[in-house]
Amino acid sequence: LAIITPAMAMFVTKLDTTSMIANTANWSVVPAATNIGEFDSTVSLSNLAAMTLGGNLTLGGLQFDNNMNGPLIIRADGNLLTLGTNGINMSAANQNATLGCALTLGGAQSWNVASGQTLTVTNTVAFNNLLTIKGTGAVMLGWTNTGTGGLTINSGTVTLGNNYSVGGRGGGTITLGGGTVQMDGLIISNAVNVTGTTTLSNGLNSATFAGNWTGAGTLNLIEGTNSTFTFNGASILSAFTGTIKVSDLQPASGFIRMSA
């Protein structure tokens, strides 16, 4: 009787260099496309701050451990990082991470960030598959991104820094299952599905929603001083059966506008 067990993703440890090129000078073994790249205490503070891909790289995922020597910054160098279904695991991380390289989601995946830590993406993300945000930490998506895979936010704090952070109109659905979303002065054209209780803040600048809304969850809107949340379209909320609760940073300082 033959018993076949699922293959486990193998971890490959990042060595103390500033390049992530897939060879044994930079990794404990040559990483395959299914391997998880692990950052631990091996890499020095100075090298963590000056990391580059060095060439296009495909990994099954990234993991940042609880003994890193400083924040990780992967600088843009014109190359592409593709991550598979293991996504990014910062659930035990003791440092922040910044991905300045272009990034492709090569499979549906989760990014799990620990409380007190921040994962910042400062380059284009191709949402070719669904991205789910987990954990109680912070994720910042600040670039003009592409793709139709969509974004699910279940917990933590997610900052959208661009109208096209999730691909814009024609991009994927933003599913709000929990956590907090910060969007300062944006026009979000994606469809939005509210499945849980989520807090949405527009900072000190007005924000506009231009995509259709669905779901039966609860949305807590926190308006900045003298700012406005605009739902742009008479039928934009026609399929939404949930609850919208509104509060202001200062009493009577914000507005809700329903635009025809």
Roughly how far, to the nearest 0.5 Å, is CE of Met10 from CD of Glu38?
-> 11.5 Å

Does Val139 share a hydrophobic cluster with Phe127, counting links as ILVMFWY side-chain heavy atoms below 4.5 Å and allowing steps through other members?
-> yes

Look up atom CG in Leu62 and atom NZ in Lys14, then write down how far apart they are to the nearest 0.5 Å.
-> 11.5 Å

ILVMFWY cluster, Leu45 and Phe64 together (side-chain gap under 4.5 Å) = no

Shortest non-hydrogen separation from Leu160 to Ile188 and the atoms involved | CD1-CD1, 4.4 Å

Nearest atoms (heavy-atom pairs only) where Asn154 meets Thr132 | ND2-CG2, 3.4 Å

Side chains of Gln63 and Phe39: does their closest heavy-atom pair fall under 4.5 Å?
-> no

Aromatic rings Phe231 and Trp213: how do their planes relate, parallel, tilted or perpendicular, breaks at 30° and 60°?
-> perpendicular

Do the non-hydrogen side-chain atoms of Thr197 and Asn220 ever get within less than 4.5 Å of each other?
-> yes

Considering all heavy atoms, the nearest Ala114-Ser91 contact | CB-O, 3.4 Å

Where the side chain of Asn232 meets the backbone of Ala210, is there a donor-acceptor pair that is under 3.5 Å apart?
-> no

Atom OG1 in Thr85, atom CG in Leu105: separation rounded to 0.5 Å?
-> 11.5 Å

Heavy-atom closest pair (Met20 atom, Trp27 atom, distance to 0.1 Å) is O-NE1, 3.1 Å

Single-linkage hydrophobic cluster, 4.5 Å side-chain cutoff, Val166 and Leu200 together = yes

Among all residues two or more places apart in sequence or in another chain, which pass the side chain to side chain donor-acceptor pair (under 3.5 Å) test with Asn193?
-> Thr214

Are any non-hydrogen side-chain atoms of Trp111 and Val158 less than 4.5 angstrom apart?
-> no

Inspect the surroundings of CZ in Phe240 and state if more than 12 heavy atoms from other residues, nucleotides or ligands are less than 6.0 Å away.
-> yes

Would you find a donor on one side and an acceptor on the other, under 3.5 Å apart, between the side chain of Asn123 and the backbone of Trp143?
-> no

Scan Leu81, Leu83, Asn128 and name whichever one has a side chain to side chain contact (heavy atoms under 4.5 Å, CB included) with Thr104.
-> Asn128

Would you indicate whether the side-chain heavy atoms of Thr120 and Asn96 approach each other to under 4.5 Å?
-> no

Pairwise side-chain contact, Leu151 with Ile133, heavy-atom cut-off 4.5 Å (strictly under) = yes

Is there a path from Leu59 to Val30 through hydrophobic residues (I, L, V, M, F, W, Y) whose side chains come within less than 4.5 Å of each other?
-> no

Atom CG of Leu15: over 12 foreign heavy atoms under 6.0 Å = yes

Looking only at non-hydrogen atoms, find the nearest pair between Gln117 and Gln95 and report the distance.
-> OE1-C, 3.1 Å

Gap between atom OG of Ser46 and atom CE of Met51 - 0.5 Å precision | 9.5 Å

Residue set satisfying side chain to side chain donor-acceptor pair (under 3.5 Å) with Thr144, at least two apart, ordered chain then number -> Asn162

Which side-chain N or O atoms in residues 171-186 pair as donor and acceptor under 3.5 Å with protein atoms at least two apart or in another chain?
residue, atom, partner, partner atom, Å
Gln182, OE1, Thr159, OG1, 3.2
Asp184, OD1, Asn205, N, 3.1
Asp184, OD1, Asn205, ND2, 2.8

Let me know which of Asn47, Asn23, Asn26 forms a side chain to side chain donor-acceptor pair (under 3.5 Å) with Thr17.
-> Asn26

May I ask you to test the Asn86-Gln109 pair for a side-chain heavy-atom distance under 4.5 Å?
-> no

Could you state whether Leu119 and Leu57 fall into the same hydrophobic cluster, counting links through intermediate Ile, Leu, Val, Met, Phe, Trp or Tyr residues with side-chain heavy atoms under 4.5 angstrom apart?
-> yes

Look up atom CG in Asn56 and atom SG in Cys101, then write down how far apart they are to the nearest 0.5 Å.
-> 10.5 Å

Main-chain N/O of Asn67 paired with Ser41 side-chain donor or acceptor, under 3.5 Å = no

Below 4.5 Å, heavy atoms only, C-beta onward: do Ile88 and Leu99 meet side chain to side chain?
-> yes

Any side-chain heavy atom of Val43 within less than 4.5 Å of one from Asn69?
-> no

Interatomic distance, CG@Leu221 vs OG@Ser201, rounded to 0.5 Å, equals 9.5 Å

Counting distance only, does the side-chain N/O of Lys134 pair as donor-acceptor with the main-chain N or O of Ile153 below 3.5 Å?
-> no

So which heavy atom on Val12 is nearest to which on Pro31, and how close?
-> CG2-CB, 3.8 Å

